[in-house]
Amino acid sequence: MRDFDAQVQEIAARYPDSRSAVLPALRIAQERHGGWLPPEAFVEVAEALELTPAYCQAVATFYDMYHLAPTGKHLVEVCTNLSCALARAQDVVDAFESELDIRAGETTEDGEITFRVVECLGGCGYAPVVAVDHRYRHPVSPEDVPAIVEELRAGA
Ligand code: FES
């Protein structure tokens, strides 16, 4: 893998203000750290872009695609914004919590599945939308949930 700093500098060079590269730099850092952003990742991004770690962390906390804690092997995300909420997204959330025996924001004890609720996934016309390992399923009903979990547990 190419040097982190070189990758970030290459991206930063595309912008008049290197601060504009903070989002892709955080993405690269997240990939390097196994899918989440530990405190040292913010230091690395900050040093590469001449920002502060606090600024980088503040940016990361705003976006759902950055993880501030380790995630499970699989990631299940349910959109609960307006269109999805009107299409029973909360019932889908309840079904996942029941099926996985965890609350939204938690990871199953075996480390297999992290379950989260997220802001709009951009598929409002297909509500409710569920992202399973970043691939969208829609529309998902509470009745679909056991099969999705079974599929993940089977290693699909
Ligand atoms: S509101 Fe759920 S995808 Fe937009």
Side-chain angles (χ1 to χ4, degrees), residues 7-8 11-12 14-39 41-42 44-45 49 51 53-156:
Q7 279 182 283
V8 173
I11 294 166
R14 299 175 196 162
Y15 303 99
D17 182 344
S18 65
R19 193 171 39 163
S20 302
V22 69
L23 295 181
L26 287 167
R27 182 184 52 76
I28 295 167
Q30 183 164 275
E31 284 169 11
R32 284 166 45 90
H33 286 279
W36 73 292
L37 292 163
F42 298 118
E44 292 163 6
V45 173
L49 294 174
L51 301 168
Y55 176 84
C56 298
Q57 186 169 4
V59 171
T61 60
F62 185 77
Y63 296 98
D64 281 332
M65 69 272 213
Y66 300 115
H67 304 295
L68 307 179
T71 58
K73 190 169 143 197
H74 298 288
L75 184 61
V76 175
E77 298 168 306
V78 177
C79 169
T80 54
N81 265 184
L82 188 58
S83 295
C84 291
L86 292 171
R88 298 179 62 207
Q90 187 57 50
D91 291 346
V92 175
V93 170
D94 293 344
F96 272 113
E97 287 184 337
S98 170
E99 194 69 25
L100 295 169
D101 198 24
I102 57 174
R103 303 296 307 264
E106 296 179 346
T107 299
T108 53
E109 220 169 280
D110 59 7
E112 282 289 304
I113 301 171
T114 295
F115 172 60
R116 311 166 69 211
V117 294
V118 293
E119 300 300 326
C120 181
L121 289 168
C124 317
Y126 307 96
V129 178
V130 176
V132 178
D133 292 333
H134 307 292
R135 289 178 179 265
Y136 288 8
R137 312 277 178 103
H138 51 72
V140 172
S141 73
E143 294 73 30
D144 297 327
V145 168
I148 293 171
V149 171
E150 191 181 319
E151 181 188 314
L152 292 175
R153 292 217 182 276

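Counting starts at 1 for both ligands and their atoms, in listed order.
Distance alone, capped at 3.5 Å, places no donor-acceptor pair between the Y126 side chain and the Y136 backbone. Looking only at distances, a side-chain donor or acceptor of R116 sits under 3.5 Å from a matching main-chain atom of D64. Within the 3.5 Å criterion, the main-chain N or O of G72 finds a donor-acceptor partner in the side chain of T114. A donor-acceptor pair is defined here as one N or O able to donate and one able to accept, closer than 3.5 Å; no such pair exists between the side chain of D91 and the backbone of P142.
In this structure, H67 and Q30 approach most closely via the heavy-atom pair N-OE1, 2.7 Å. Closest heavy-atom contact between T108 and D110: OG1-OD1, 2.6 Å.
Taking every heavy atom of S83 and a limit of under 4.0 angstrom, the matching atoms of ligand 1 come to 1 (S). Close contacts of ligand 1 with G123, meaning ligand atoms under 4.0 Å from a residue heavy atom, involve 3 (S). Within ligand 1, the atoms closer than 4.0 Å to a non-hydrogen atom of G122 are 3 (S), numbered from 1 in the order shown. Counting the atoms of ligand 1 from 1 in the order shown, those under 4.0 Å from a heavy atom of L121 are 3 (S).
Heavy atoms of C79 found under 4.0 angstrom from ligand 1 belong exclusively to the side chain.
At a threshold of 2.8 Å, atom 2 (Fe) of ligand 1 has no backbone or side-chain N, O or S atom of C124 nearer than that distance. Residue contact annotation: C120 places an N/O/S atom under 2.8 Å from atom 4 (Fe) of ligand 1.
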